Amino acid sequence: MRRLFKLDRTPVSPASKEVRRLERRLFLRQSLSLGALTLMSGCSVTDAESVQRVLWAMSRWNDRVQGWLFDPEKLAPVYPESAITRPFPFNAFYDEDEVPEVDAEDYKLELAGLIRERRPWTLPELHALPRTSQVTRHICVEGWSAIGKWGGVPFRTFLERIGADLTAKYVGFKCADDYYTSIDMATALHPQTLLAFTYAGETLPPKFGFPMKLRIPTKLGFKNPKHVTAIYVTNMYPGGYWEDQGYNWFSGS
Ligand SMILES: Nc1nc2c(c(=O)[nH]1)N[C@H]1C(S)=C(S)[C@@H](COP(=O)(O)O)O[C@H]1N2
Ligand SMILES: [Mo]
C-alpha cells in the first residue's frame, strides 16, 4: 500500500487525478483489471476480500482528496424559474406508491451527537426559521438531471442555532423510510445547502420528502436525504444507504 499513501500527500498532482479516474471506472463500471489495481495499490491482490479492502481504501482516500479540492465559497449554478423541469422526477429506492406518510402533528426532528442544544424540534418551530429559496440542478447517478426550486432555512443557520460543533467532520441524517446518508462539514456549511420545507413554493409533497429534505446542489442526488427525522454531528465516519454499497461517499456534483 506504500504507493497509495505517498499519493495521499500530493492531492492535486496529475497522478492523483489519474487515481481518481481509475477509481471512478472501478466503482461505476467495474472495468479495471486486477493487474492494474495491484499496480495502483502497490500490493498483491489475490482474493475478493483484499480487492474489496483496497477498493474501500481507495474510495475513502478519494473522499479525502475531494474534500481538499472542495471550494466552500464556490456556488453551484442557479437557473431562472423558466428553466424548471416539469414534472420534476420522483426517485427513491422504492416505488412512488410506497412513499412514507409522515404525520405533521407528531413529527419531531431529533438531534444527536456533537450539538449543544439537542432538544427535538417541532414543525412549527422549524417553519419559524428564516427562509430563502433557490433554483438549482439535481443530478442523479442513475443518469438523469432536473432543475427544481426548493425553499428553506440555510443549513448553516440551523447548525449555528442548535450549537452544533462546526469543527466536527460529519453531519449524518436518518430518514422516515430507513434511508440514511452523511456529508462533510464544509458542505453542510456551504451557503447553498438548505434544510428545505418547500418545493416550487409549496409545502414539500410526500414524494419529494415531506416534511423536510436536505437540498445540497453541490452534491449528487443520493446525498440529498428526504423525509429527514434525525440529524447528528460526529467525527466518526457515518456512511450511507448507497455509500455502504460502494457509491463514493463524497460524491460532489
Ligand atoms: N429518504 C430518502 N431520501 C432520498 C432517496 C431515498 O430513497 N430515500 N433517494 C435519493 C436519490 S438516489 C435521489 S435521485 C433523490 C430523488 O429526489 P426526488 O424524488 O425529489 O427527485 O432523493 C435522494 N434522497
Ligand atoms: Mo439518485
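Computed from a prediction, not measured in an experiment: that's the story for all the values here. Note that ligands are numbered from 1 as they come in the structure, with each ligand's atoms numbered from 1 the same way. Reckoned from all heavy atoms, side chains included, excluding hydrogens, waters and symmetry mates.
Here atom 13 (C) of ligand 1 lies nearest to G221 when heavy atoms of G221, A146, G148 are compared. Compare Y179, F93, W144 by their heavy atoms: the one nearest to atom 4 (C) of ligand 1 is in Y179. Within the set E98, K226, K223, the minimum heavy-atom distance to atom 19 (O) of ligand 1 is found for K226.
Every N/O-N/O distance between E142 and ligand 1 stays at or above 3.5 Å. In terms of polar-atom proximity, defined here as any N/O pair under 3.5 Å, P89 does make such a contact with ligand 1. Inclusion of W242 in the set of residues having an N or O under 3.5 Å from an N or O of ligand 1 is not warranted. For a threshold of 3.5 Å applied to N or O pairs, the pair formed by N224 and ligand 1 contains at least one separation below that value.
With hydrogens and angles disregarded, no donor-acceptor distance shorter than 3.5 Å links the side chain of T181 to the backbone of G240. In this structure, S253 contributes its side chain and P217 its backbone to a donor-acceptor pair below 3.5 Å.
A salt bridge is absent between R64 and D184; no separation between the charged side-chain nitrogens and carboxylate oxygens falls under 4.0 Å. Using a cutoff of 4.0 Å between basic side-chain nitrogens and carboxylate oxygens, E110 and R118 are not scored as salt-bridged. Remark: R119 engages E125 in a salt bridge, criterion side-chain N to carboxylate O under 4.0 Å.
Judged by a 6.0 Å distance limit and a 45° cone about the ring axis, R131 is not positioned over the six-membered ring of F197. Remark: K213 fails to qualify as a cation-pi partner of F208 under the 6.0 Å distance and 45° angle criteria applied to the six-membered ring. Both the sub-6.0 Å distance and the 45° axial angle are not jointly satisfied by K149 relative to the ring of Y79.
F93 is connected to Y180 through a chain of hydrophobic side-chain contacts under 4.5 Å among Ile, Leu, Val, Met, Phe, Trp and Tyr, so both are in one cluster.
The nearest protein atom to atom 20 (O) of ligand 1, hydrogens excluded, is given as F208 CD2, 3.4 Å; this is a heavy-atom distance. Of all protein heavy atoms, the one closest to atom 12 (S) of ligand 1 is F222 CB, 3.6 Å. Protein heavy atom in closest approach to atom 16 (C) of ligand 1: N91 O, 3.4 Å.
Ligand 1 places these atoms under 4.0 Å from at least one heavy atom of C175: 1 (N). Distances below 4.0 Å separate heavy atoms of F90 from the following atoms of ligand 1: 19 (O). Taking a cut-off of under 4.0 Å to the non-hydrogen atoms of K207, the atoms of ligand 1 that pass are 19 (O). Annotation for ligand 1: atoms under 4.0 Å from non-hydrogen atoms of C140 are 14 (S).
Residue F88 touches ligand 1 through its side chain alone, judged by heavy-atom distances below 4.0 Å. At a heavy-atom distance under 4.0 Å, atoms from both the backbone and the side chain of A92 approach ligand 1. Residue contacts with ligand 1 for D177 involve side-chain atoms from C-beta outward but no N, CA, C or O (heavy atoms, distance under 4.0 Å).
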Intermediate values then yes/no, ring pair (Phe, Tyr, Trp, His ring centres under 6.0 Å), F222 and Y247: CA-CA 10 Å; F222 77 90; Y247 282 84; 5.5 Å; yes
Verdict with supporting geometry, W121 and Y107, ring pair (Phe, Tyr, Trp, His ring centres under 6.0 Å): CA-CA 8 Å; W121 284 59; Y107 179 88; over 10 Å; no
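At least one heavy atom of H138 sits closer than 4.0 Å to an atom of ligand 1. For Y199, the heavy-atom gap to ligand 1 stays at 4.0 angstrom or more.
In this model, a donor atom of one side chain and an acceptor atom of the other lie less than 3.5 Å apart for T136 and R215.
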